[in-house]
2 protein chains.
Amino acid sequence: MYGQFCPVSKAMEVLDERWTMLVLREMLLGSTRFNDLRRGVPRMSPSLLSKRLRTLERAGVVRREGSGVRTSYHLTEAGKELGPIVDALAVWGMRWLPDLGDEDLDPHLLFWDIRRTLPAENWPQGRTTVAFELADVPVKVGRWWLVVTRGEVDVCDYDPGFEVDARVLTTLRTLTHVWRSDISWEKALLKGDLTIEAPRDVRRGLPGWIGYSAIAELAS
Amino acid sequence: MYGQFCPVSKAMEVLDERWTMLVLREMLLGSTRFNDLRRGVPRMSPSLLSKRLRTLERAGVVRREGSGVRTSYHLTEAGKELGPIVDALAVWGMRWLPDLGDEDLDPHLLFWDIRRTLPAENWPQGRTTVAFELADVPVKVGRWWLVVTRGEVDVCDYDPGFEVDARVLTTLRTLTHVWRSDISWEKALLKGDLTIEAPRDVRRGLPGWIGYSAIAELAS
DNA sequence: CTGTATCCATGGCGATACTG
DNA sequence: CAGTATCGCCATGGATACAG
């Protein structure tokens with residue numbers, strides 16, 4: 001491929017293909033099923049994902065388990081040792097490439113990430129429903145509901161019908177930057193880029209309950 | 001590009017293009033001039049190198065200094081902070097992808113790397129000339145001379161005419177693996193994959209004088 | 001020496017549809 | 001649910017020649 005003996009070039013032969021690092025990020029975050037992986041890289045075609053998984057398997061980074069139905073994909077030891085590298089890339093990207101284009105904003109991806117990372121154990125007993133209204137995207141993709149019940153998190157893009165405990169009024173852009181912790185909840189609230197409509201205790205508690213993305217925690 | 005807010009994807013938009021990581025490796029090893037960079041990535045076309053340098057400049061990773069003649073390229077702070085990531089990729093590649101195809105072996109690249117890394121200060125006073133004969137490649141690219149004089153290292157692919165202090169008989173493959181420290185000098189000598197013809201003291205000293213590649217040292 | 005311009009082929013990849 | 005098949009485009013990047 002590169003025609004070099006340097007281990008960096010050998011590593012990049014495996015890792016520098018388009019999407020590969022993002023698939024590995026998904027696996028490092030715990031996804032093992034084909035369709036779970038797809039949710040993490042929705043713009044990647046399924047055939048390409050399939051191809052990448054095979055390439056990674058041949059390279060000894062991924063192991064496929066169970067053929068046919070209920071196939072799952074797991075990182076080998078070699079794959080797991082990419083964890084610190086992916087983390088370092090995330091920290092570097094946070095630090096040096098903080099600007100997001102409109103193309104980088106995707107509510108499905110954002111709430112999919114929130115859903116899997118959210119520390120449900122911090123939430124109040126019983127059921128809590130939070131409605132999000134994002135002003136900078138079409139209504140069709142701008143209304144989301146977060147339902148947290150007994151340590152379980154659900155996200156809907158339709159009204160689940162529960163009584164809403166809090167409404168978050170903001171933009172997709174602001175919510176994304178807050179989630180990444182490019183700006184804090186406090187600052188976004190102060191600037192008026194984000195409003196929480198709820199009883200005082202919920203309004204106070206919500207930022208802490210939602211928190212920040214897993215990757216944001218790395219940088220701190 | 002990827003349409004994701006995740007900093008890993010933002011980082012990879014810059015870093016996952018073909019050759020980019022290898023150019024950064026060269027810069028991290030100290031190259032600043034266009035043609036020095038080329039020597040480190042000889043299979044990369046100059047127009048592509050030019051393009052990559054501009055992309056990296058736009059991304060804030062590289063800074064161009066002096067236009068026209070005597071241009072040089074330098075890593076910005078962001079670029080320097082990629083150092084640990086490139087190192088980690090090298091360590092990972094050494095550990096998990098130790099196999100080299102014939103395509104990965106390149107005597108020009110090997111001796112260019114030896115030349116710049118070799119710890120000349122360990123060598124004897126005066127001039128030392130070492131001749132290499134690589135049996136597994138055409139004679140035309142299989143004979144090399146290493147001349148170390150007062151802390152200066154020269155490599156020739158033609159006989160410089162000096163008296164030869166040592167002859168190293170081996171293959172390109174073995175010498176590459178030794179340089180990478182996939183196998184030690186001792187083991188290669190023991191297996192007979194590499195022979196040093198020289199007076200006893202030189203024969204004993206040479207492995208230590210040449211040593212191993214900079215990247216090999218990372219893994220230890 | 002330090003690049004740039006141009007050309008062209010290839011195959012990577014996106015889109016879509018379809019199957020066990 | 002878990003992929004595979006097919007198709008077609010266009011951009012990547014390799015090669016070469018040339019310019020300041």
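Chain A is the first sequence line, chain B the second, and so forth, proteins listed ahead of strands; every chain is numbered from 1. Not measured: the values here are computed from a predicted model.
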Checklist entry - What integer distance in Å separates A:Tyr73:OH from D:dC1:P? => result 14 Å

Checklist entry - Looking at DNA chain C, which of residues 102-117 of chain B put a heavy atom within less than 4.0 Å of it? => result none

Checklist entry - For B:Met1 and D:dT12, what is the distance between atoms CE and P respectively, to the nearest whole Å? => result 7 Å

Checklist entry - Just by modelled atom types, is the B:Gly40 backbone N or O under 3.5 Å from a matching donor or acceptor in the A:Gln4 side chain? => result yes

Checklist outcome for this item: Quick note, ring pair (Phe, Tyr, Trp, His ring centres under 6.0 Å) partners involving residues 28-66 of chain B, not counting sequence neighbours, are none

Next on the checklist: Using a strict heavy-atom distance below 4.0 Å, which residues from residues 35-55 of chain A are in contact with DNA chain D?
Outcome noted: A:Asn35, A:Pro46, A:Ser47, A:Ser50, A:Arg54

Checklist entry - Rounded to whole angstrom units, what separation is found between the CZ atom of A:Arg64 and the C1' atom of D:dT4? => result 12 Å

Next on the checklist: So if I take every side-chain heavy atom of A:Trp19 and compare against C:dG3, D:dG3, C:dG14, which nucleotide ends up nearest?
Outcome noted: C:dG14

Item to check | Rounded distance (Å) that lies between atom P of C:dC13 and atom CZ of B:Arg18 | outcome: 11 Å

Checklist entry - Between B:Trp19 and A:Tyr2, does the ring centroid distance fall short of 6.0 Å? => result yes

Next on the checklist: Is it the case that the side chains of B:Trp96 and A:Glu81 hold a donor-acceptor pair, with the cut-off being a distance below 3.5 Å and no angle test?
Outcome noted: yes

Checklist entry - Where along residues 22-34 of chain B does a heavy atom come under 4.0 Å from DNA chain C, residue by residue in number order? => result B:Arg33, B:Phe34

Checklist outcome for this item: Applying ring pair (Phe, Tyr, Trp, His ring centres under 6.0 Å) to A:Trp123 and not counting sequence neighbours gives A:Trp209

Item to check | Check: B:Leu100 main-chain N/O paired with B:Arg173 side-chain donor or acceptor under 3.5 Å | outcome: yes

Item to check | A:Asp106: salt bridge (Lys or Arg N to Asp or Glu O under 4.0 Å) partners, not counting sequence neighbours | outcome: none

Checklist entry - Any sub-3.5 Å donor-acceptor pair from A:Thr170's side-chain atoms to A:Asp193's backbone N or O? => result yes

Next on the checklist: In the structure I gave you, are the side-chain heavy atoms of A:Val155 and A:Trp112 within less than 4.5 Å of one another anywhere?
Outcome noted: no

Checklist entry - Under the 6.0 Å and 45° cation-pi test, does B:Arg127 pair with B:Phe162? => result yes

Checklist entry - Do the side chains of A:Val23 and A:Leu53 get nearer than 4.5 Å, heavy atoms only? => result yes

